Amino acid sequence: MHELPKVYDPTDVEPRWYAYWAEHGVFRAGTADGDVRPVYVIALPPPNVTGSLHMGHALMGTAEDVLIRHKRMQGYNTLWQPGTDHAGIATQTVVERQLRQEGKSRHDLGREGFVARVWQWKEQSGNRIIEQMRVLGCSADWDRLKFTMDPDLSHAVREAFVRLYEDKLIYRATRLINWCSDCRTALSDLEVENEEADGKLYEFAYQLIDGDASLGPTELVVATTRPETMLGDTAVAVHPEDPRYLHLHGKKLKHPFLDREVPVITDAILVDMKFGTGAVKVTPAHDFNDFATGKRHSLEEISILNLDGTLNQNAGRFAGLTVARARKDVKLALAELGLERGEKAHKLQVPRCQRCRTIVEPMISTQWFVKMQPLAEPALAAVRDGRTEIIPTEWVKTYEHWLTNIQDWCISRQLWWGHQIPAFYCDACDHVTVTRTGTPSACEGCGSTGLRQDPDVLDTWFSSGLWPFSTLGWPHETPEMRRFYPTSDLETGYDILFFWVARMLMMGLYFTGEVPFRRVLLHGMVVDETGEKMSKVKGNTLDPLDLIHGSSFDHVAQRTMPGAPLAEALQKFKKAYPSTAQMGQAFPAYGADSIRLTLCSYSPQAKRISLSPKRIEGYRNFCNKVYNAVRYSLPHIEGQAVASAPSAPQHLVNRWILSRLGSVSEQASQSIEAFRLDEASSAIYHFFWDELCDWYLEFSKAILTLGTPSEQAEVRQTLAYVVEGALRALHPFAPFLTEELWQRIPRPSDRPLSIALSPYPTRESGPVDPTAEAAVQLLTSVITAARTIRSDHDLDKTAKVPLELRTHDPDSLALLNEQSALIQWFVKTDGAPRVGVPEAQRPAGAVTAVAGNVEVLVGLRGLLDPAKEEARIERNLKKIERDIVGLEARLKNENFLKNAPADVVEVTSKELETLRVQRLALLDAKKLLLELN
RNA sequence: AGGCGGGUAGCUCAGUUGGUAGAGCGCUGGCCUUACAAGCCGGAUGUCGCAGGUUCGAGUCCUGUCCCGCCUACCA
């Protein structure tokens, strides 16, 4: 075996092992008839085909991969079902942008040509993100890669549509919808994002027709944030009980620009007497509240907008203007007529298109809708009765709130890229024919053959809603459906709880009668180091691949803000990631494992995950630590026959490390099971570094040097066993590193070809041994206490000092005697430490510390600086006195003794005892010091 | 407006059923001790947002309050 370099280099290792796993089908789900293993399934939230891996994807991919790898190692038949989403608007926009660069529009190509062009684009670059997930180490069953517009999935979409239509849960209606004039399509409520903006509350007057000044004012002043919509006003509403306007009930107002009478209506729902002027202009065609008001009062709905967002003929002389322009012009015109009545600043929410940020306009339009209430009820029930569990649980309330207030879902989109709605309109009659297959030959209603298919496509989320079962072959009763449905865990970001998770639950329950997954695991949003949301505009996005492969800051900044001056981009980047100030000019190649460990280290209940490059560095260092631990171990364990079950070693430290391995493995499994990947990874991290490396490997050096042949053999055997087990425990988090090392070390003969297929260690991997754990705890704290004394007194590291250990406890005495050689090795003592029971006398020039029930006396005669030593003693004494007073008070408190649990009282009094011993020792040392002077 | 979450070490965050606060990074003293200087051995650091309450005991439970973030709905 060739020698390992001193520093771990992930760039060399990672691609190699991914290829190996792929080649050996390590990630494939089992489909054999005889396969009776329990099943664990995750459906990968399909990323957009337009997508490129960002930190959110990396977090999702890592979390799901840890879950999958863990279960795979636990012997489950795992299926991680991957795929991509056709992402209607996003994808269409990308390809249209390309066309624009060629000086063309989609209309030049025609629908068929355009769709062909999108497919072509998809084939070329649609799988980029899948490649990137492989770089991250994701162990999905890639042979089963699906796309939402694959023939089988499209079939499922059509089946779902038709069934819902037949069941009267899909209907076509003309109503107010959200319209994006840039994307030229309707949007669902969820695709509209409200953004706060500074606006104006503007007041103007409508003149009364036939107003009688003797009855009161002859005008009615309304308040509005959108003056231009007055061109579509068909009423002005006042509160029925508003004393100011009683004389206006039933009257008519003159529209200043249009040949139209505007009635005054009374409406207690719409109007809040206390707000504005108490009079509300009603524009049913462009406001959701006004629309509802219009329905209540049978008002005319006058649309004043074209599909491109400009005003139409109904706007009279304002026709052709943009909304923004019309707002100015209408105000101007009102002012000219002397109708302006005031204006004040007002905060308002501007609805914007999630995709293109264009201001969304409410518009009257004929669209397809899904009736949500009947679907929502079962989805609510499924979470309430625990058939599906949401973790972290605080999301349950949010989920319930949304589902109980749910509105019907507008599912038609005026796009070309997507699943075209399978509804056919007849030229001869009104009948709409909806069919499962192809184009119907004739109208179901009148038999006419003149049929046109609805040009619209379905909302992308309609097909995503079927994902957990459409990918498994639904509506057919496939073996996959039988074996892998319902899926186990659905892991995703909380931002798509409504878009996707809730809809899958509704659809899943409706179509399959079962919940689509047993648990919903939600992670937070990755934000920059200062807590800001990542966005291109802010120049604070991080590309996981730059971190994995390494990249100069110049390059990162430039890529984040293409087109911007480098200095500016770099400044924004540095501001977003302050810790890079201490990092030179570039991200080194951290490797996928470091990124994965970092992402796992954040608590899942954190809504914001602020990514710190410095933290990644820490985990990179950890990977190097693991690598070097194995590098150290290799020569000692090479050729060892490793058993798959633990042996029963004699030596304390061997029993201890086995016990720790078992505990940590068990804890890791429990934490992963509870989706606390942070706890799990942290437990393994500290086991590896603080226990295995800092202590066990050091113990092993001592024993391999000083021990008897049989002791040495036992250490070698244990070391080989523990290293193999620890790598397996770490594997789900750091798959590349662990595979690389595992393949080099000796391992049990029955292990499969990859660590990824080996069993996850359990409690049984290391028998629990509380005695050994307690003993090593004492041993290490004795060593640390002695080291602290050495360090406090600036001892040369080669200086050998006398060490005396005193305790009343017989077990501890035995332990210290047994391990005196080990203690000598670690503390660098002058001969074997003297072990005995406490005596009244302390040797002059000795410094005392207390570790557990042991007094640790380090002889420093002639090495002490008396002044310094006295100061140290005084400092410690002060602190101890304070603690003693506190504890004594507590132990004197009758209520405490009466109410506190026995173990708490016991711990407290033990603690007090320890402190008293310490105080005694310090006082003694002080006395000696004074005598010395 | 309503809902949810958060305010803990200089920074980013953990903290299970109430029992005198932890990690990583940073800081600091000493070490190139042949696995690792991406390291080793030590060390320092907190009015747990604020004010009350319950309790023998509160970071943890209750009430009020002030900030911050997100979500949902909206006053035209």
Side-chain angles (χ1 to χ4, degrees), chain A residues 4 6-8 189 194 201-203 222-226 229 237 270-272 274-283 287-290 346 348-349 392 394-395 397-398 401-402 405 494-495 497-498 524-525 527 529-531 533 578-579 582 588 598 601-603 605-615 617-636 676 678-679 682 685-686 693-694 697-698 701 783-784 787-792 794-798 826 828 883 886-887 889-890 893-901 903-905 907-908 911:
Chain A
L4 293 171
K6 274 173 88 164
V7 173
Y8 177 59
D189 300 344
N194 290 310
L201 189 62
Y202 178 82
E203 292 179 4
V222 295
T224 179
T225 53
R226 302 196 54 189
T229 61
L270 180 69
V271 183
D272 173 2
K274 293 188 287 295
F275 187 86
T277 60
V280 186
K281 59 189 278 305
V282 183
T283 323
D287 182 282
F288 286 95
N289 284 318
D290 293 4
H346 185 73
L348 56 105
Q349 300 285 328
E394 65 232 36
W395 289 105
K397 271 191 186 173
T398 313
H401 182 257
W402 187 71
N405 296 293
Y494 67 76
D495 55 329
L497 180 59
F498 304 141
M525 300 291 112
V527 297
E529 204 174 356
T530 63
K533 215 178 215 168
S579 72
Q582 317 161 3
T598 307
S601 73
Y602 293 91
S603 161
Q605 55 229 42
K607 280 195 183 178
R608 295 183 313 162
I609 294 173
S610 53
L611 196 74
S612 162
K614 227 27 200 162
R615 193 151 168 166
E617 197 177 286
Y619 283 101
R620 188 270 315 256
N621 295 353
F622 172 67
C623 289
N624 192 49
K625 187 76 180 173
V626 170
Y627 168 83
N628 270 294
V630 173
R631 204 162 73 93
Y632 159 79
S633 306
L634 262 178
H636 300 300
R676 286 303 302 259
D678 56 327
E679 287 181 351
S682 157
Y685 175 101
H686 285 111
C693 291
D694 286 352
L697 295 189
E698 296 304 322
K701 287 178 188 171
I783 291 167
T784 300
R787 279 171 168 175
T788 304
I789 291 171
R790 290 188 64 119
S791 175
D792 277 355
D794 302 328
L795 283 201
D796 186 280
K797 73 185 185 69
T798 54
F826 274 85
K828 290 245 164 31
D883 291 351
L887 287 185
R890 258 173 97 187
N893 186 325
E894 281 174 32
N895 286 319
F896 172 72
L897 297 172
K898 201 169 66 194
N899 296 320
D903 55 323
V904 172
V905 177
V907 166
T908 310
E911 214 173 305

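This structure is a prediction, so every number in the text was calculated from the model and none was measured. Lettering of chains follows the sequences in order, A, B, ..., and the numbering in each one begins at 1.
For A:N895, taking side-chain heavy atoms from C-beta onward, the closest of the listed nucleotides B:C25, B:C56, B:U12 is B:C56. Among the nucleotides B:G69, B:U33, B:A76, the one closest to the side chain of A:K797 is B:U33. Set against B:C56, B:A76, B:G24, the side chain of A:A900 has B:C56 as its closest nucleotide. The nucleotide whose nearest atom lies closest to any side-chain atom of A:T225 is, among B:A76, B:G19, B:U12, B:A76. Closest to the A:Y494 side chain, of the nucleotides B:C70, B:C56, B:U20, is B:C70. Considering only the side chain of A:K607, B:G5 comes nearest among B:G5, B:A14, B:C36. With B:A76, B:G69, B:C56 as the choices, the nucleotide that has an atom nearest any side-chain atom of A:N899 turns out to be B:C56.
Nucleotides of RNA chain B nearest to A:S601 and A:W402 differ in position, and the one nearer the 5' end is that of A:S601.
Between the base of B:A38 and the side chain of A:K6 there is no donor-acceptor pair shorter than 3.5 Å.
For A:N621, a side-chain nitrogen or oxygen approaches OP1 or OP2 of B:G39 to under 4.0 Å. Between A:S610 and the phosphate of B:C13, there is a side-chain N or O to OP1/OP2 separation shorter than 4.0 Å. Distances shorter than 4.0 Å separate none of the side-chain N or O atoms of A:R631 from OP1 or OP2 on B:G39. For A:K397, a side-chain nitrogen or oxygen approaches OP1 or OP2 of B:C4 to under 4.0 Å.
The gap from the C1' atom of B:U20 to that of B:U55 amounts to 16 Å, rounded to the nearest Å. B:A1 and B:G22 have their P atoms separated by 41 Å, with the value rounded to a whole Å. Comparing the P positions of B:G64 and B:G69 gives an interatomic distance of 23 Å, to the nearest angstrom. With both ends at atom C1', the span from B:G39 to B:C62 equals 50 Å, rounded to whole Å. Rounded to whole Å, the separation between the P atoms of B:A14 and B:G24 comes to 16 Å. The separation of B:U45 from B:G57, taken at their P atoms, amounts to 28 Å, rounded to a whole angstrom. Going from the C1' atom of B:C36 to that of B:U28 covers 23 Å, rounded to whole Å. Between the C1' atoms of B:G49 and B:U60, the separation comes to 16 Å (whole Å).
Base-pair partner of B:A51: B:U63 (Watson-Crick or G-U wobble, both distances under 3.5 Å). Using the Watson-Crick or G-U wobble rule with both distances under 3.5 Å, B:G19 pairs with B:C56. Base pairing analysis places B:A44 opposite nothing; no Watson-Crick or G-U wobble pair with both distances below 3.5 Å involves it. Base pairing annotation: B:G5 forms a Watson-Crick or G-U wobble pair with B:C68, both donor-acceptor distances under 3.5 Å.
A:K614 places its NZ atom 10 Å from the P atom of B:A38, with the value rounded to the nearest Å. Summarising the geometry, the separation between CD on A:E679 and C1' on B:U16 is reported as 8 Å, rounded to the nearest angstrom. Atom NE2 in A:H401 sits roughly 6 Å away from atom C1' in B:U72 (whole-Å rounding). One interatomic measurement links the two molecules: CE of A:M525 to P of B:G6, which rounds to 17 Å at whole-angstrom precision. For the pair A:K533 NZ and B:C70 P, the interatomic distance rounds to 7 Å; values are reported in whole Å.
Between the OG1 atom of A:T277 and the CD atom of A:E203 there is a distance of 5.5 Å, given to the nearest 0.5 Å. To the nearest 0.5 Å, atoms CZ (A:R787) and NZ (A:K797) are separated by 12.5 Å. Interatomic distance, A:W402 CH2 to A:D189 CG, rounded to the nearest 0.5 Å: 9.0 Å.
For A:R226 (side chain) and A:D287 (main-chain N/O), no donor-acceptor pair under 3.5 Å exists by modelled atom type. Side-chain atoms of A:N624 never come within 3.5 Å of backbone atoms of A:V7 as a donor-acceptor pair (strictly under, hydrogens ignored).
Judged by a 6.0 Å distance limit and a 45° cone about the ring axis, A:K625 is not positioned over the six-membered ring of A:Y685.
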The contact string for nucleotides 40-45 of chain B, one letter per nucleotide 5' to 3', using protein heavy atoms under 4.0 Å with B, S and - for base, sugar-phosphate only and none, comes out as SSSS--
